[in-house]
Protein chains: 2
Amino acid sequence: MRIVAKEEGKVSDAVVRRLPRYYRYVRELMRNGVTRVSSAELSKRMGLTASQIRQDFNCFGGFGQQGYGYNVEELYEQLTRILGLDEQYNTIIIGAGNIGQAIANYTDFEKDGFILQALFDINPRLIGLAIRGIEIRDIDELGAFVQQHPIDIAIIATPRAKAQEVADMVVRYGIKAIWNFAPVDIVVPSDVVIENVHLSDSLYTLSYKIKELRSDPD
Amino acid sequence: MRIVAKEEGKVSDAVVRRLPRYYRYVRELMRNGVTRVSSAELSKRMGLTASQIRQDFNCFGGFGQQGYGYNVEELYEQLTRILGLDEQYNTIIIGAGNIGQAIANYTDFEKDGFILQALFDINPRLIGLAIRGIEIRDIDELGAFVQQHPIDIAIIATPRAKAQEVADMVVRYGIKAIWNFAPVDIVVPSDVVIENVHLSDSLYTLSYKIKELRSDPD
DNA sequence: TAGATTGTTAATCGATTAACAATC
DNA sequence: TAGATTGTTAATCGATTAACAATC
């Protein structure tokens, strides 16, 4: 009998980066009522090699079946579990400007189990307002709030200059995960995980691609 | 005498993804009045090897000096040029909801030369409104607008279900670059470049990291 | 059973790191 | 000049692809 999950945790970053994409595609298959899929078929849709898909899945144990392929529902459940999307996460947003408000309003994340509990800002004009019924609080209340409400993820949407300071603060209050939207690399202790959304980096990459395209239209 | 720029265009994706980060760090050095930097020093700040930094820069020609290092201003100018940030780009946003409005309000991109010319939406309640003085237009006017105003980049901020349709439209109107915020992989011809900001993928990656951290706190 | 497709090992490819001659 | 640091070649490492036995 085969053990369902191999020793996870030493999976390379390259593989981890592909997992959300697998999740999206398999979820789409679910929505379309597809019940089984082979690595060959998935490879055609996703533009990867079938070999790579099988290698990737096998980092987490074999959940396919020889001669059949993968059961879509089973695969979806496994990917959900692997990504930790079978749990709920309490979040707060720090910085209730443009970006902060946009994320607060983006309800799709709630469907995936990321529950926004509060926003925080330094600006008196924003404090006391609410987005989707969720109050914007004074940053000074952060410590007290976190003590009373266990928070899994702090979403940093402050200006660049304040981001590291805010990060230090949330780390001090015991929050172990940061989703950072400020255009700067934040430094955190090794027992805190961070994921960056560097919008400007993405835009610069696009302008690089444009330049490349224009100089060499292949 | 050495040629300043090697044959660019065959640079690996791994290198290209690091370029915006180099740009940010070197800009920061400029701001702080630093005039020279060695690959060893930069490597310490950025958490890369000095070897990798030299290899990366040398994809675009040697702009360092033996025994001295790199002149910060020169390096900054080179990176600006390499990324295509010495030019201006006209942009439009399609989808003037949360995300679209947030991007429209984020003025930092204008400083880098990305000029927002218009927003487009399908919702009659939004059409006619303006953000930073830039009008939200009916999506039906897109074709006529693009004909009169040359647009370099279309920023797609529509719901998932409309993204591919909108992409097909902008491609038909001759726009060659797409910055996509919809949580879906858009298909475009090979003479169009695309860069995705998959926020949900980033969030799922974070939840993966949280799970990993909790199961194996190293 | 025969056909299909996985899981897994081996081969290849590309990216990163190390080393050092060139040279400022 | 001597010391420092690049540019570049060679060595290593890791990720991707190919191949195929296992097996449903």
Side-chain angles (χ1 to χ4, degrees), chain A residues 1-19 21-22 26 29 34-76 78-79 82 205, chain B residues 1-19 21-22 26 29 34-76 78-79 82 205:
Chain A
M1 198 192 116
R2 124 168 276 308
I3 281 106
V4 173
K6 297 192 181 173
E7 193 196 354
E8 300 177 14
K10 277 117 195 240
V11 178
S12 81
D13 188 61
V15 175
V16 172
R17 295 278 154 201
R18 283 192 290 270
L19 292 175
R21 201 154 164 264
Y22 288 130
V26 173
L29 290 174
V34 178
T35 56
R36 58 179 271 199
V37 68
S38 68
S39 58
E41 210 174 304
L42 203 52
S43 88
K44 215 168 57 181
R45 286 172 184 268
M46 296 186 66
L48 305 172
T49 65
S51 202
Q52 180 166 66
I53 291 172
R54 293 201 300 278
Q55 286 276 26
D56 284 354
F57 289 172
N58 274 87
C59 293
F60 304 96
F63 27 85
Q65 197 173 327
Q66 278 106 326
Y68 174 88
Y70 300 87
N71 177 289
V72 171
E73 201 180 322
E74 156 84 356
L75 191 53
Y76 177 73
Q78 291 287 355
L79 287 168
I82 290 163
T205 305
Chain B
M1 196 192 118
R2 108 174 289 305
I3 280 108
V4 172
K6 296 190 183 174
E7 193 196 354
E8 298 176 16
K10 279 116 195 245
V11 178
S12 82
D13 189 62
V15 175
V16 172
R17 294 278 154 201
R18 282 193 291 270
L19 292 175
R21 199 152 166 265
Y22 289 130
V26 173
L29 290 174
V34 178
T35 56
R36 58 178 274 197
V37 69
S38 68
S39 58
E41 208 174 306
L42 204 50
S43 89
K44 214 167 57 180
R45 286 172 185 267
M46 297 185 66
L48 305 172
T49 66
S51 203
Q52 179 164 66
I53 292 172
R54 293 201 301 278
Q55 286 277 26
D56 285 354
F57 289 173
N58 275 89
C59 294
F60 305 97
F63 27 85
Q65 195 173 327
Q66 278 106 327
Y68 174 86
Y70 299 87
N71 177 289
V72 170
E73 201 180 322
E74 155 85 355
L75 191 54
Y76 177 72
Q78 292 288 355
L79 287 167
I82 289 164
T205 304

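Naming: A, B, ... by sequence-line order, numbering from 1 per chain.
A heavy-atom distance below 4.5 Å is found between the side chains of A:Y22 and A:I53. Side-chain contact between B:L29 and B:Y76 is absent, with no heavy atoms from C-beta onward closer than 4.5 Å. You'll find the side chain of B:T205 reaches within 4.5 Å of the side chain of A:V16, heavy atoms only.
Taking atom CD1 on B:I53 and atom P on D:dT5, their separation rounds to 14 Å, with Å as the unit. Between the P atom of D:dT8 and the CG atom of B:D56 lies a distance of 14 Å, rounded to the nearest Å. B:N58 places its CG atom 8 Å from the C1' atom of D:dT6, with the value rounded to the nearest Å.
Using a 4.0 Å cut-off on heavy atoms, none of the residues of residues 34-46 of chain A approach DNA chain D.
Atoms CG and CG, on B:L42 and B:L75 in that order, are 7.5 Å from each other to the nearest 0.5 Å. A distance of 9.0 Å separates OG1 in B:T49 from CD in B:Q55, rounded to the nearest 0.5 Å. Note that CE of B:M46 is 9.0 Å distant from CZ of B:R18, once rounded to the nearest 0.5 Å. B:D56 CG to B:S39 OG: the interatomic distance, rounded to the nearest 0.5 Å, is 11.0 Å.
Checking D:dA10 for Watson-Crick or G-U wobble geometry (two distances, each under 3.5 Å) identifies C:dT17 as its partner. Across the strands present, C:dA22 finds its partner in D:dT5; the criterion is a Watson-Crick or G-U wobble pair with both atom distances under 3.5 angstrom.
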*What string of B, S and - do you get for nucleotides 17-24 of chain D, 5' to 3', if B is base contact, S is sugar-phosphate-only contact and - is no contact with any protein heavy atom under 4.0 Å?*
BBB--BBB

Please list, one pair per line, the donor and acceptor atoms closer than 3.5 Å that link side chains of residues 63-74 of chain A to other protein atoms, with sequence neighbours excluded.
{"unit_1": "A:N71", "atom_1": "OD1", "unit_2": "A:E73", "atom_2": "N", "d": "3.0"}
{"unit_1": "A:N71", "atom_1": "OD1", "unit_2": "A:E74", "atom_2": "N", "d": "2.9"}
{"unit_1": "A:E74", "atom_1": "OE2", "unit_2": "A:Q78", "atom_2": "NE2", "d": "3.3"}

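Contact annotation for B:Y70: backbone-only contact, meaning every heavy-atom pair under 4.0 Å involves sugar-phosphate atoms and none involves a base.
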